[in-house]
Novice: 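Just dropping this structure here.
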Amino acid sequence: MTHARSERAALCDLLDQLGPGEPTLCEGWDTYDLAAHLALRERRPDAMPGIAVRALAGHTASVQRGLKAKHPFPALVALVRRPGGVYGLLPFLDTAVNTMEFFVHHEDVRRAQPGWEPRELPADFEDLIWKRLSAMAKMMLRRAPVGVVLHRRGGGGARSVVLGGAQQGPKVEVSGTASELLLFCFGRQAHSRAELSGDADAVERLRSARLGV
């Protein structure tokens with residue numbers, strides 16, 4: 001069982017438990033919308049470009065609405081539970097592409113519910129998250145209005161810092177476990193338990209910035 005598969009299964013279990021219409025951290029999406037998005041990613045390659053390209057977003061949104069209209073919520077979650085398309089055929093690609101995707105969306109559902117607490121992830125998963133974050137951080141922080149230095153807490157591997165954001169002016173120190181730093185850099189600042197230090201104005205600007213891919 002890979003981390004991609006375990007996060008997929010845990011997310012689908014939670015979606016089945018909560019049902020449709022429940023909140024998520026994805027702006028404008030409830031649990032039904034999120035399930036449709038995840039099904040679309042793997043089963044409608046024609047609609048994939050619109051996830052990243054604004055000019056094509058209309059088609060993507062139309063396909064996502066169509067999936068909701070065609071599939072009752074439990075059936076849609078059942079589609080998500082089974083890797084589709086190339087991810088079902090090539091497990092290594094599922095690991096490479098979907099590990100962070102399903103971890104973040106799992107937390108999008110968990111942390112939108114009352115009384116949530118951070119999970120304690122396996123050490124090797126935290127190490128993998130830090131490895132991926134170290135490679136992606138500059139891109140994820142490209143819109144940060146201030147300089148950012150990430151400090152990983154915990155773990156037995158390297159705890160190097162990653163610079164991102166504006167290279168001139170004040171810098172904000174962001175500290176936490178690899179998983180909390182990942183959520184912060186994915187634009188979930190308000191729901192990350194990462195700790196920020198630095199100039200007060202710079203900290204507030206970073207908290208409200210649009211971060212992520």
Novice: Rounded to the nearest 0.5 Å, what's the gap from CD on Glu120 to OG on Ser179? Could you check?
Specialist: 10.0 Å
Novice: Using 0.5 Å steps for rounding, measure from the NE2 atom of His3 to the CZ atom of Phe103.
Specialist: 11.5 Å
Novice: Given side chains that start at C-beta, do those of Ser134 and Lys131 come closer than 4.5 Å, heavy atoms only?
Specialist: no
Novice: Under the 3.5 angstrom rule, does the side chain of Ser192 hit a backbone N or O of Arg188 as a donor-acceptor pair?
Specialist: no
Novice: When rounded to the nearest 0.5 angstrom, what distance separates CZ in Phe102 from CG in Asp94?
Specialist: 7.5 Å
Novice: Using a 3.5 Å distance criterion without hydrogens, assess whether the side chain of Gln189 forms a donor-acceptor pair with backbone atoms of Ser208.
Specialist: no
Novice: Would Leu150 end up clustered with Val104 when hydrophobic side chains under 4.5 Å apart are linked, directly or stepwise?
Specialist: yes
Novice: Just by distance, do the side chain of Tyr32 and the backbone of Lys68 share a donor-acceptor pair under 3.5 Å?
Specialist: yes
Novice: Mind checking whether Gln113 and Pro23 have side chains closer than 4.5 Å, heavy atoms only?
Specialist: yes
Novice: Should Asp33 and Thr24 be marked as a side chain to side chain contact (heavy atoms under 4.5 Å, CB included) after you check the CA-CA gap, both sets of side-chain angles, and the distance that decides it?
Specialist: CA-CA 9 Å; Asp33 297 309; Thr24 76; over 6 Å; no
Novice: Could you list the residues that satisfy salt bridge (Lys or Arg N to Asp or Glu O under 4.0 Å) with Arg65, not counting sequence neighbours?
Specialist: none
Novice: Would you mind checking if Arg41 and Glu101 are paired as a salt bridge, meaning a charged N to carboxylate O distance below 4.0 Å?
Specialist: yes
Novice: Donor-acceptor check, side chain of Thr60 to backbone of Ala47, threshold 3.5 angstrom: yes or no?
Specialist: yes
Novice: Apply side chain to side chain contact (heavy atoms under 4.5 Å, CB included) to the pair Glu126 and Arg152, showing each step before the final yes or no.
Specialist: CA-CA 10 Å; Glu126 289 280 357; Arg152 180 189 177 187; 3.7 Å; yes
Novice: Looking at Arg193 and Glu117, is any side-chain nitrogen of the basic one under 4.0 Å from a carboxylate oxygen of the acidic one?
Specialist: yes
Novice: Thinking salt bridges, do Glu195 and Arg207 make one under a 4.0 Å N-O criterion?
Specialist: no
Novice: For side-chain hydrogen bond (donor to acceptor under 3.5 Å, both in side chains), just list the numbers for Glu7 and Asn98, CA-CA rounded to whole Å, side-chain angles, deciding distance to a tenth of an Å, and then say yes or no.
Specialist: CA-CA 9 Å; Glu7 288 297 305; Asn98 285 329; over 6 Å; no
Novice: Is the closest side-chain heavy-atom distance between Leu18 and Phe73 below 4.5 Å?
Specialist: no
Novice: Charged N to carboxylate O below 4.0 Å: is that the case for Arg82 and Glu42?
Specialist: no
Novice: Are the side chains of Leu211 and Arg142 in contact, using a 4.5 Å heavy-atom criterion?
Specialist: no
Novice: In terms of relative ring orientation, are Trp29 and His37 parallel, tilted or perpendicular, with 30° and 60° separating the classes?
Specialist: tilted
Novice: Side-chain contact, heavy-atom cut-off 4.5 Å: Leu182 with Thr177?
Specialist: no
Novice: Carefully, step by step, assess His59 and Asp46 under the rule side-chain hydrogen bond (donor to acceptor under 3.5 Å, both in side chains).
Specialist: CA-CA 9 Å; His59 174 61; Asp46 61 300; 2.9 Å; yes
Novice: Out of curiosity, Leu38 CG to Leu11 CG, how far, rounded to the nearest 0.5 Å?
Specialist: 6.0 Å
Novice: Start with the C-alpha gap between Val149 and Val172, add the side-chain angles, then the distance that decides, and say whether side chain to side chain contact (heavy atoms under 4.5 Å, CB included) holds.
Specialist: CA-CA 6 Å; Val149 183; Val172 175; over 6 Å; no
Novice: Would a single hydrophobic cluster contain both Leu79 and Val109, if residues Ile, Leu, Val, Met, Phe, Trp and Tyr are joined by side-chain heavy-atom contacts under 4.5 Å?
Specialist: yes
Novice: Could you go through the side chain to side chain contact (heavy atoms under 4.5 Å, CB included) check for Leu67 and Leu40 one step at a time?
Specialist: CA-CA 8 Å; Leu67 286 169; Leu40 177 152; 3.8 Å; yes
Novice: Regarding Lys171 and Asp199, does a basic nitrogen lie under 4.0 Å from an acidic carboxylate oxygen?
Specialist: no
Novice: Rounded to the nearest 0.5 Å, what separates atom CG in Leu183 from atom CD1 in Ile129?
Specialist: 8.0 Å
Novice: State plainly whether the residues Asp13 and Arg8 are in salt-bridge range, i.e. N to O under 4.0 Å.
Specialist: no
Novice: Does Cys26 reach the side chain of His105, with side-chain heavy atoms less than 4.5 Å apart?
Specialist: yes
Novice: Determine, for Arg110 against Glu22, whether the closest basic-nitrogen to carboxylate-oxygen distance falls under 4.0 angstrom.
Specialist: no
